[in-house]
Amino acid sequence: MTQLLSARAGEITSEMESVAKREDLPVELIRDEVAAGRMVIPANKVHAAGVLEPMAIGIAAKCKINANIGNSAVTSNVGEELEKLHTAVHFGADTVMDLSTGKDIDNIRRQIIEKSPVPIGTVPIYQMLEELGGNIEDMNAQHFLDMVEHQAKQGVDYMTIHCGVKLEHLHLTVNRVTGIVSRGGSLIAKWMMAHNKQNPLLEAFDDLCDIMREYDVTWSLGDGLRPGSIADASDDAQFAELDVLGECTKRGWEKGTQVMVEGPGHIPLDQIQMNIERQIEVCHGAPFYVLGPLVTDIAPGYDHITSCIGAANAGMHGAAMLCYVTPKEHLGLPNEEDVKQGVIAYKIAAHTADVARKRKGAQDRDDALSKARFAFDWKEQFRLSLDPETAQRYHDETLPQDTFKSAHFCSMCGPKYCSMKITEDIRQMAKEKKLVELPTT
Ligand SMILES: C[C@H]1O[C@@H](n2cnc3c(N)ncnc32)[C@H](O)[C@@H]1O
Ligand SMILES: Cc1ncc(COP(=O)(O)O)c(N)n1
Ligand code: SF4
Ligand SMILES: [Zn+2]
């Protein structure tokens, strides 16, 4: 049984119960959303038997964020990756992807799954390529199926598989500014060119479903032809692939597997709503999992910001999960500090989306923090913030003494120009002298 098959049979699983509590939603609604394919609960049976705390991704639930970690051939190791996992979860990542392509991949993933309370995603073609020796041309479908089964056995909760890249669509990328920017997509394209054959992952779709169903691994249908620059956004290649992903979504559901769909990438701000709405329609309401999107290409070093703008908008228009982008995007492998910056940026994006969509209780923390701010309750303001340590450090940079923790001002305006203090004075005057008689009409 998968969460989807249970839900369709009208059953309520223990995972659905946990999700209902976390989301503060009726458990019947969770079950119905899962049954309809609009919500997924990525919970591999192996991981669920261990430390996993079940969570849900779908438009009815709060907007989620994913943090990518993993080493590369150039840098990092198991110790550093476990630190990144800890930092990502500490600052509120809802899922983590291990995208390791360097040494020790198997050991890194095993330890990450063992220690992670959040669902772990992978892209199995990366490890398969390592084990093949680096030449994608040497791959056959069985190599890939074996790797998917191996990772499913380890407890991977969701997998990115690039089934949507088709031989007949490759020519649509020739005039692009940035070609094929998806790693998985570019590898599959190369294989198809070398063999002049259709995408083997698409051909093996039903066999893949059988493995995914056995362990309840959730599909994350990869966007191998996503645009890698705003110039390439919303082009024929991107939307040709999206149509294939729509068909795969249906086939995955028919086989009883949970499905979400990945999306771009680099998209100008004014095209985001259209992209989200089109995906939801073409993929029959399956949860949409977007990478950013970055709304401009001019700020390497700050792409957590360029993409946070896109992510907030995507979330507002119905994306179910936002894959973070760190300050190192396009420049190098993120370190622990980059992971922190990426997660914080995306907590902001997801939360602003929840507020804009008026999800239940979403604004409560904003209101509580605003009240603490107006009451000059500095400690409470720090406590309620996404990054309390940084908030306090910034405040204390100029006014570190304990007495200033009850001061009715900070170093921005000082005591005589603090507008919130002046408002306080005004309200006091009004109370005492009843100076203002407001018209009653
Ligand atoms: C699909 C996205 O995944 C990110 N990505 C790829 N590999 C890693 C890794 N090892 N660590 C962190 N992010 C990674 C890239 O930033 C890309 O944009
Ligand atoms: C949201 C998201 N995360 C990870 C990947 C995998 O990366 P790639 O497609 O480059 O192999 C992806 N396509 N989308
Ligand atoms: S991030 Fe670096 S290695 Fe990856 S595609 Fe871009 S330039 Fe190539
Ligand atoms: Zn990019």
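Atoms within each ligand, like the ligands themselves, are counted from 1 in listed order. In this chain, numbering begins with 1 at the start of the sequence shown.
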Under a 3.5 Å distance rule, please check whether D94 uses its side chain to pair with a backbone N or O of I65 as donor and acceptor.
yes

| message | Just by distance, no angles: are the side chains of S307 and E329 close enough, under 3.5 Å, to form a donor-acceptor pair? | response | no

Would you say the side-chain atoms of N275 and H317 include a donor-acceptor pair closer than 3.5 Å?
no

Mind running salt bridge (Lys or Arg N to Asp or Glu O under 4.0 Å) on R251 and E247 for me, showing each step along the way? CA-CA 6 Å; R251 287 175 67 186; E247 291 160 23; over 6 Å; no

Between Q154 and the options E114, R109, H47, the side chain to side chain donor-acceptor pair (under 3.5 Å) test singles out R109

Nearest heavy-atom contact between E241 and G222 is OE2-O, 3.5 Å

Rounded to the nearest 0.5 angstrom, the CD1-CE distance for I161 and M212 is 4.5 Å

R365 side-chain N/O to L384 backbone N/O, donor-acceptor pair under 3.5 Å:
yes

Rounded to the nearest 0.5 Å, the CZ atom of F239 sits from the CD atom of Q279 at a distance of 10.5 Å

Residue shell for ligand 1, any heavy atom closer than 4.0 Å, reads N68, I69, G70, N71, L99, R183, R226, L291, E329, L333, P334

Nearest heavy-atom approach of I57 to P42 is CD1-CG, 3.7 Å

Report for the Zn ion (ligand 4), protein N, O or S closer than 2.8 Å, by chain and number, lists H266 NE2, H330 NE2

Taking R22 for its side chain and A56 for its backbone only, find out whether a donor-acceptor pair lies under 3.5 Å.
no

Side-chain ion pair, K64 and E23, N-O less than 4.0 Å: yes

N/O donor to acceptor pairs below 3.5 angstrom from side-chain atoms of residues 182-193, sequence neighbours left out:
unit_1 : atom_1 : unit_2 : atom_2 : d
S182   : OG     : H162   : NE2    : 3.3
S182   : OG     : G184   : N      : 3.4
S182   : OG     : G185   : N      : 2.8
S186   : OG     : S182   : O      : 3.1
S186   : OG     : R183   : O      : 2.8
W191   : NE1    : M139   : O      : 2.9
W191   : NE1    : H195   : NE2    : 3.4

Counting only non-hydrogen atoms and a 4.0 Å cut-off, the residues near ligand 3 are none

